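Take a look at the structure below.
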Amino acid sequence: MISWLKRRRRALHGIALMCLVSHAYGLDPDRPLLQYVRENWHTEAKFPGGAVSAIAQTHDGYLWIGTDKGLFRFDGFNFVRVSFPSTAGASNVPILGLLTDASGTLWVRVQGSDLLRQTNGKFEIVAYGAGPNGSQVTAVSKDRNGAVLVSDVILGTFRFEAGDPQRVATPEMLPGSSPVISIAETSEGKIWLGTLGAGLFLVADSHAAPVNAAFPERKINCLLPI
């Protein structure tokens with residue numbers, strides 16, 4: 001009985017000590033990063049080189065690095081160049097953007113206006129009714145639920161949810177021929193389109209209303225919902 005009481009007292013002391021800890025850190029906040037073990041990758045050590053334009057991580061833990069020399073997969077030790085379907089160009093084609101959707105699928109925007117996604121370990125060109133000249137993608141982003149928003153200069157703006165494209169805006173909604181170069185959806189479900197030379201637009205009720213009063217600059221390079 002005495003031995004059992006001692007063990008119980010020790011357990012209670014341990015629980016009490018844990019309750020006194022208000023914060024638990026993965027890294028010591030008082031220790032500079034230079035004191036931790038770290039590794040750099042550069043052109044002289046493993047990194048294949050090229051200007052990095054985008055980085056994404058898929059659910060399997062791989063990092064994907066988009067550069068002006070192509071797409072590379074990084075497993076923590078080595079960089080492996082990724083090849084694409086022949087119709088999407090050579091494996092060293094510059095990468096303009098990367099993102100992962102809610103299901104963990106990797107989407108790749110390559111130079112030349114093609115859009116690819118990885119399905120069952122292989123890359124395929126995303127189809128959404130593009131004509132014989134292929135897609136003319138000018139902007140890619142994620143919506144509030146992790147689906148993918150894609151803007152095509154010829155066909156308009158689409159939402160890809162569960163793999164099915166749904167048009168959310170047509171090119172006729174925007175004045176002139178200024179393409180959409182940035183997209184964002186807020187938590188309220190409002191879709192904003194930034195154009196190359198016509199300013200900012202808010203999409204609602206099948207219309208795109210200009211929002212340019214506070215923006216003297218008509219080229220909207222990037223949109224970020226908060």
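For clarity, every value in this text was computed on a predicted model and none was experimentally measured.
- Scanning all heavy atoms of the two residues, the minimum distance from Thr58 to Gly104 falls at CG2-O, 3.8 Å.
- Ring geometry for Phe79 versus Phe74: interplanar angle under 30°, hence parallel rather than tilted (30 to 60°).
- The shortest non-hydrogen separation linking Gly66 to Leu98 is N-CD1, 3.5 Å.
- Between Ile183 and Ser141, the shortest heavy-atom contact is O-OG, 3.2 Å.
- The pair Arg144-Glu188 fails the salt-bridge criterion, with no side-chain N (NZ, NE, NH1 or NH2) lying under 4.0 Å from an Asp/Glu carboxylate O.
- Here CD of Glu124 is found 10.0 Å from CD of Gln118. Values are rounded to the nearest 0.5 Å.
- The aromatic rings of Phe158 and Phe160 sit tilted, their planes meeting at an angle between 30° and 60°.
- Tyr62 carries Arg73 over the face of its six-membered ring, with the cationic atom under 6.0 Å from the centre and within 45° of the normal.
- The only member of Val52, Thr67, Leu63, Val80 that meets side-chain contact (heavy atoms from CB on, under 4.5 Å) when paired with Phe72 is Thr67.
- Leu115 and Ile181 are members of different hydrophobic clusters when ILVMFWY side chains are connected at heavy-atom separations under 4.5 Å.
- Closest non-hydrogen pair, Arg109 versus Val140, comes out as CD-CG2, 4.2 Å.
- The two residues Leu71 and Ile95 make their nearest non-hydrogen contact at N-CG1, 3.8 Å.
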Notebook entry, point to check: Given Phe201 and Ile191, is the side chain to side chain contact (heavy atoms under 4.5 Å, CB included) satisfied, shown in steps?
Noted result: CA-CA 8 Å; Phe201 291 82; Ile191 296 179; over 6 Å; no
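- Salt-bridge annotation for Lys190 and Glu185: absent, with no side-chain N of the basic residue lying under 4.0 Å from a carboxylate O of the acidic one.
- No path of Ile, Leu, Val, Met, Phe, Trp and Tyr side chains, each step under 4.5 Å between heavy atoms, connects Leu155 with Leu196, placing them in separate hydrophobic clusters.
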Next item on the list: Could you check His207 against Met173 for side chain to side chain contact (heavy atoms under 4.5 Å, CB included), going step by step and ending with a plain yes or no?
Entry: CA-CA 6 Å; His207 296 283; Met173 291 183 181; 5.9 Å; no
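- The shortest non-hydrogen separation linking Ala184 to Pro225 is CB-CD, 3.8 Å.
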